[in-house]
Structures are given as C-alpha cells and as structure tokens.
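See below for the structure under consideration.
Numbers here are sequence positions counted from 1. Keep in mind that this is a model prediction, so the values were computed, not measured.
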Amino acid sequence: MKHLKFIIASVMLLAAGVAAFACSRVVYLGDNGIVLAGRTLDWRTPIPTNVYVYPKGIAKESMPSGPRLEWVSKYGSVLAVGYDGGVTEGMNEKGLAMGGLFCKTSSYKTADGSDSTPVVSLAVLVSYFLDNFATVDEVENWLRNNEFGISGKTFDGGTVSLLHWAVTDKSGTTLLMEYVDGKLNLYKGRELQVLTNDPPYPQMEAINKYWQAVGGANMLPGTVRSSDRFARADFFIKHVPTNFEYAEALGCLSSIMGTVSVPYGYEIVGEPNISSTQWRSICDISGGKYYLKFADSTGDFWIDLARLRLGKGAPILKLDTSNHVDLMGCANDKLKKSPGFTPMW
C-alpha cells in the first residue's frame, strides 16, 4: 500500500500570511437515521459565497495542465463556492458531505516537479471526492491507495490556504483528513462529530478530555478560540436528545451551531482569523437538503437535491447570493443555468 504524499506548490509557502478561518463543524446523529452536518465560516471580511448545483456526467480536471487527475462526475452535487473560484464544502446526491476547515498547523510537502504525481487544486479537491464517491469507506480506500499533490492560490491579500477536511456519509460515519509534517493522518468513526481548527485532532482531543473531566454542566470554556469552541460543541452534541423528529433535530443542531458562532462584527485586534461568523450551513445528509444562512440575512434558505435534475445532460445551476438579505425558504426556483465557476488554480 502506498504512503500518501500530499504536496503543495512552493509558491504557497512563500506567500505572506497564514489563514485560519475560525470554522466549526458538528454532526447530529439521530436514532431514526437522521444525519445532519452543521458548519460555520468565520473571517474578518465577508467571503462571497455562491451556491452551485452540478449534475453527473461532466468531465473535469484537477489542474489546467501538467500531471493531474481527470474524471467524469458519477454523482450530482450541491456546492458552496467561495469567491466564485473554490469549493468550500458540498454534498452529493448519495449523501456524502465534505468540507474544508482551516488549520494553521497543517504542513505539506513541497512539490519539486521530479515525478509524475498528479496535482489537485484546492479549488476542486472537495468536488473530486463528491463527484466520485458515495461513502466514507470508498473515500478512505482511495486515499490509502493513491498519491496526489495539492496546489492552490492565495487569497485576501496573500493569505495561504492551510486546511484539514471532514467527510460524513449517510451511516453517520465521519472521516477526518489532517496533515502533520507532510504526512496525511486519517481518523474514522461515528464518534468523530466535532471539528474546529488547530491544534491537530489528537491534541484537540487531549484538551477536550480536561473539559470532560470538569463536566460541561458545571462549566464550559466561553471564548471563540478553536479549542473552546470544540469543547462546547462536543459537550452539547453528546448531551442532547437523539430521538428527535426531523424539525426538532434541525433546530437542535442549529442552536448548537449558534453556541460556536462568533457574534457578527466581533474581532480580536491582531488576530483576523478569530472574527465574525459570516454564514452557517447544515447538510441534511439523510434527506438531501442543503441549508445556508448568512449572518446579515433575515432567514434561512435551502436547496432540495431531490427536486432537481442531476442526470447526465442536465444543466449546471447557480444561485447568486450577492443579494441574500431576504433570501429564505426553498431556493430551487432561484437557481439559474450557468457555465459553472472558474477554479482559482
């Protein structure tokens, strides 16, 4: 079995600044098969995020040239695309949901161009997995048997994209992907319901064990830092009823995401990574709906994949959220035909 070699272009390592979006991800597992994955995205300035729906049967590539992966999508998916150039998260028609959260301790190997290892742009990495796999086990098997490199653009004035990922399927199993000293570490299980930012997962779990010993009913850490958000989310998601009906489960997870959100307008001087929650999402993995709410909007809206054409030959659709303030309810009818987003290679 090959060892994974994740590679990032050296130009990224030379760029100024390191991003650490204060994102949080929490998975609700219901007794009756309900699986929901909530997520926040936090930053000092708004992250323009449009929603795209891609059908199956579309030919894609992981880079515009050079060693790369080429594929034809097996599944349709809904995607949250930042800056109209890179996929932040998404969910496919089989109920596989994946999202990237920033982790400033992530460490990649530098590409030297000495071999033919295919390179995948960060802009389309999430799409690759959603296009090709239906379960976490399929993703894990592919990762353990394939090598590829990672490349990506900087943004927001030179910010470098350092990420770790979480993938969850209809079984409620989550796979975490983290990079330490150039090595990919994988963690899998239904108990992996929470992910925030740094430190890496094993160290985060060690911190969380301290708070478990304190007992969340007595005291929980209250700052917006990554380890504090993790402790709050982990306590609440493991101490709420799991026998809720759908609407109750959705409300339960939404309220937990509120406890790990950063108030709109809040910022710690000198630490732009610890800033306002710009939007919150919930992937209804078991039911095929994707919910999104911007912090400055008056309501939630959602995309219902079950009511869309996702077969080969169906058009790519886009929901332009630039005027999102009053966007609410099922937004399928707001989707418009689109040529698709242009990846920031």
Side-chain angles (χ1 to χ4, degrees), residues 4-21 23 41 43 45 47-55 57-75 77-90 92 98-104 106-133 139 142-143 146-165 167 177 179 182 184 316-318 320 338-345:
L4 285 171
K5 182 174 64 174
F6 275 69
I7 308 169
I8 194 165
S10 58
V11 64
M12 290 186 65
L13 300 180
L14 296 174
V18 175
F21 290 117
C23 306
L41 184 140
W43 189 237
T45 56
I47 304 295
T49 302
N50 290 318
V51 177
Y52 284 81
V53 174
Y54 275 74
I58 295 182
K60 300 182 182 180
E61 61 275 332
S62 63
M63 289 290 287
S65 61
R68 60 185 179 177
L69 298 175
E70 298 180 358
W71 69 97
V72 175
S73 57
K74 294 168 60 178
Y75 308 112
S77 59
V78 57
L79 308 171
V81 180
Y83 298 101
D84 245 11
V87 181
T88 301
E89 66 170 7
N92 70 20
M98 181 175 182
L101 282 68
F102 278 73
C103 182
K104 66 184 179 184
S106 294
S107 176
Y108 307 92
K109 290 185 178 180
T110 302
D112 58 14
S114 62
D115 58 36
S116 59
T117 302
V119 178
V120 179
S121 168
L122 287 172
V124 298
L125 187 145
V126 170
S127 282
Y128 177 78
F129 290 100
L130 296 182
D131 286 348
N132 288 288
F133 306 111
V139 173
W142 189 90
L143 286 170
N146 290 274
E147 295 184 6
F148 66 98
I150 294 179
S151 180
K153 290 285 188 181
T154 61
F155 67 97
D156 195 24
T159 302
V160 177
S161 298
L162 299 178
L163 301 166
H164 56 183
W165 281 271
V167 191
M177 303 161 53
Y179 317 98
L184 174 69
I316 298 171
L317 302 174
K318 174 183 178 180
D320 185 341
S338 168
F341 71 93
T342 302
M344 296 188 297
W345 301 112

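Evaluation of the ring pair (Phe, Tyr, Trp, His ring centres under 6.0 Å) rule for Tyr75 yields no partner, not counting sequence neighbours. By the salt bridge (Lys or Arg N to Asp or Glu O under 4.0 Å) test, Asp84 is found to be paired with Lys318, residues two or more places apart in sequence or in another chain being considered. Every residue meeting the side chain to side chain contact (heavy atoms under 4.5 Å, CB included) condition with Pro55, not counting sequence neighbours, appears here in chain and number order: Ile58, Ala314, Ile316. Remark: Thr88 engages Arg39, Leu41, Trp279 in a side chain to side chain contact (heavy atoms under 4.5 Å, CB included) (not counting sequence neighbours).
Phe129 places none of its side-chain heavy atoms less than 4.5 Å from the side chain of Val167. Side-chain contact check for Tyr179 versus Trp165: some heavy-atom pair is nearer than 4.5 Å. Proximity of Leu125 to Phe148: side-chain heavy atoms (C-beta onward) are separated by under 4.5 Å at one or more points.
With values rounded to the nearest 0.5 angstrom, Ser121 atom OG is found 11.5 Å from Leu69 atom CG. We find the CG-CG distance between Leu122 and Leu162 to be 9.0 Å, quoted to the nearest 0.5 Å. Rounding to the nearest 0.5 angstrom, the gap separating the CG atom in Leu163 from the CZ atom in Phe102 is 4.5 Å. Atom-to-atom distance recorded for Met177:CE and Cys103:SG is 13.0 Å, nearest 0.5 angstrom. Atom CD of Glu89 sits about 10.0 Å away from atom CG of Leu130, to the nearest 0.5 Å. Atom CZ of Arg68 and atom CH2 of Trp345 lie 8.0 Å apart (nearest 0.5 Å).
Checked by atom type and distance alone, the side chain of Thr49 pairs as donor or acceptor with a backbone atom of Ile47 at under 3.5 Å. Looking at Asn50, its side chain never comes within 3.5 Å of a backbone N or O of Val81 through a donor-acceptor pair.
The minimum heavy-atom distance between Tyr52 and Ser338, with the atom names listed, is CE2-OG, 3.7 Å. Counting all heavy atoms, side chain and backbone alike, Asn132 lies closest to Val72 at OD1-O, 4.4 Å. Closest heavy-atom contact between Ser116 and Pro67: O-CB, 3.5 Å. Annotation for Val87 and Ser127: closest pair CG2-OG, 3.5 Å, computed over non-hydrogen atoms. The heavy-atom pair separating Ser62 from Val120 by the smallest distance is CB-CA, 3.7 Å.
Applying the salt bridge (Lys or Arg N to Asp or Glu O under 4.0 Å) test to residues at least two apart or on different chains, the pairs with a partner in residues 123-133 are Lys60-Asp131.
Using bins of under 30°, 30° to 60° and over 60° for the plane-to-plane angle, the ring pair Trp142/Tyr128 lands in the tilted bin.
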